[in-house]
2 protein chains.
Amino acid sequence: MKYIEKLRNSGLRPTKQRLQICELLFDTEKTFHFTINELNQKIKDKIDNKISLATIYNTVHAFEKKGYLKQIPVNSNQTYFDTNITDHHHFYNLKDGKLIDLEKSDVGPINIKKKIDGKKIKSIEVLVKLED
Amino acid sequence: MKYIEKLRNSGLRPTKQRLQICELLFDTEKTFHFTINELNQKIKDKIDNKISLATIYNTVHAFEKKGYLKQIPVNSNQTYFDTNITDHHHFYNLKDGKLIDLEKSDVGPINIKKKIDGKKIKSIEVLVKLED
DNA sequence: CAGCTTTTTAGAACCATTATAAACTAGTCT
DNA sequence: AGACTAGTTTATAATGGTTCTAAAAAGCTG
Ligand SMILES: [Mn+2]
Ligand SMILES: [Mn+2]
Ligand SMILES: [Zn+2]
Ligand SMILES: [Zn+2]
């Protein structure tokens with residue numbers, strides 16, 4: 001299994017649940033955006049055994065901490081995650097709450113001219129809201 | 001009272017509660033960012049009578065709908081609002097969860113090269129996360 | 001004031017997320 | 001293998017921000 005190494009290298013034990021979640025999240029043609037609720041549905045659909053909701057939360061947060069997932073800042077009652085961990089931006093379709101990737105090259109360089117003493121920039125994220 | 005007109009013109013009755021909230025939000029030297037919880041505290045501190053939490057939510061959402069407040073997309077369990085309704089961006093200090101304004105001139109023009117059929121851009125928001 | 005609509009309010013409900021603590025599992029060491 | 005330990009999963013409860021409810025209060029118009 002290709003994820004056993006990955007998990008071990010991160011100090012995470014390669015449990016059955018984590019490996020199954022890895023497959024759902026990372027064994028895909030394209031990267032994608034999801035909420036915990038959507039991931040929970042997908043797990044119910046595609047996996048025989050049950051994975052408890054608590055484990056899904058734990059796993060997603062563990063993966064986020066290790067940098068295998070990113071959280072996307074949007075105004076929603078649910079948290080959005082992204083399996084695309086490259087530096088990129090998003091369209092946010094207000095109609096259906098779906099995110100669409102905007103590659104860095106689709107936006108051009110962003111030059112933050114203001115500086116805050118003693119702080120450094122961790123990330124720059126652009127959210128482009130779309131309406132009809 | 002200067003807010004009576006403003007509210008009436010928006011189709012909102014100028015109630016005591018709304019006028020008091022207007023003063024707290026808009027009678028300030030500088031604009032500011034707040035969560036409902038912080039606004040609730042400020043109301044308890046600066047206003048004699050009580051305003052119920054439901055009214056605070058109702059009022060903030062009514063003001064947002066009328067365009068007197070903006071919601072800022074951040075990853076937080078609470079919703080952040082902004083009394084600065086001009087087009088601008090934000091630093092987000094991860095340490096204390098505080099927002100700092102970034103004027104458009106502090107960021108420079110953002111050119112979104114990608115187009116989505118049948119959709120138009122409603123807003124472009126940049127969030128710059130800060131760490132130590 | 002009367003009549004009608006909007007607003008306020010306390011409290012309940014909702015629901016995403018986090019905490020708890022007991023059962024289970026993976027890895028390590030004989 | 002068995003025993004030991006730390007890490008993980010799980011059902012379930014708790015938390016907490018936000019929304020809903022429905023009755024009382026307030027604003028508006030005539
Ligand atoms: Mn989270
Ligand atoms: Mn809200
Ligand atoms: Zn993305
Ligand atoms: Zn602002």
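Numbers restart at 1 for each chain; the letters A, B, ... are given by sequence-line order, proteins then strands.
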Do any side-chain nitrogens or oxygens of [X] fall under 4.0 Å of OP1 or OP2 in [N]?
X: A/Thr15; N: D/dT9; answer: yes
X: A/Tyr57; N: C/dT17; answer: yes
X: A/His61; N: C/dT17; answer: no

[X] side chain: which of [options] is closest?
X: B/Leu53; options: D/dT18, C/dA10, C/dT7; result: D/dT18
X: B/Pro14; options: D/dT10, C/dA16, D/dC28; result: D/dC28
X: A/Ile51; options: D/dT10, C/dA26, C/dT9; result: D/dT10
X: A/Gln78; options: D/dG17, C/dT17, D/dT10; result: C/dT17
X: A/Gln17; options: D/dT10, D/dT8, C/dT8; result: D/dT10
X: B/Arg13; options: C/dA16, D/dT8, D/dG27; result: D/dG27
X: B/Ala54; options: C/dG27, D/dT9, C/dA10; result: C/dA10
X: B/Thr55; options: D/dA6, C/dT8, C/dT17; result: C/dT8

- Bend angle of the helix from C/dC1-D/dG30 to C/dT30-D/dA1, from helix axes over five pairs at each end, nearest 10°: 30°
- Taking atom types as they are modelled, is there a donor-acceptor pair under 3.5 Å from the base of D/dT8 to the side chain of A/Arg18? no
Euclidean distance, atom [atom1] of residue [X] to atom [atom2] of [N] [Å, nearest integer]:
X: B/Tyr3; N: D/dG27; atom1: OH; atom2: P; value: 19 Å
X: B/Asn58; N: D/dA26; atom1: CG; atom2: P; value: 17 Å
X: A/Gln20; N: D/dT8; atom1: CD; atom2: C1'; value: 14 Å
X: B/Leu7; N: D/dC28; atom1: CG; atom2: P; value: 10 Å

- Do A/Lys98 and A/Tyr80 meet the cation-pi criteria used here (NZ or CZ under 6.0 Å from the six-membered ring centre, within 45° of the axis)? no
For residues 35-42 of chain A, tabulate all N or O donor-acceptor pairs below 3.5 Å that involve a side-chain atom, not counting sequence neighbours.
unit_1, atom_1, unit_2, atom_2, d
A/Thr35, OG1, A/Glu38, N, 3.1
A/Thr35, OG1, A/Gln78, NE2, 3.3
A/Glu38, OE1, A/Thr35, N, 3.0

- For residues B/Asp101 and B/His33, is any side-chain donor paired with an opposing acceptor at under 3.5 Å?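 Result is yes, a qualifying pair exists.
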- Query: Which of parallel (below 30°), tilted (30 to 60°) and perpendicular (above 60°) describes A/Phe26 and A/Phe63?
  - Reply: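 Correct class here is tilted.
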- Item | A/His89: partners by ring-ring contact (aromatic ring centres under 6.0 Å, His included), with sequence neighbours left out | none
- Should the pair B/Asp132-A/Lys119 be classified as a salt bridge under the 4.0 Å nitrogen-to-oxygen rule?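 Answer for the salt bridge query: yes.
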- Item | Ion pair check, B/Glu125 and A/Lys129, cut-off under 4.0 Å |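 Result for this pair is yes, salt bridge flagged.
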- Could you tell me whether B/Lys50 contacts a base, only the sugar-phosphate backbone, or nothing, with contacts defined as non-hydrogen atoms closer than 4.0 Å? sugar-phosphate
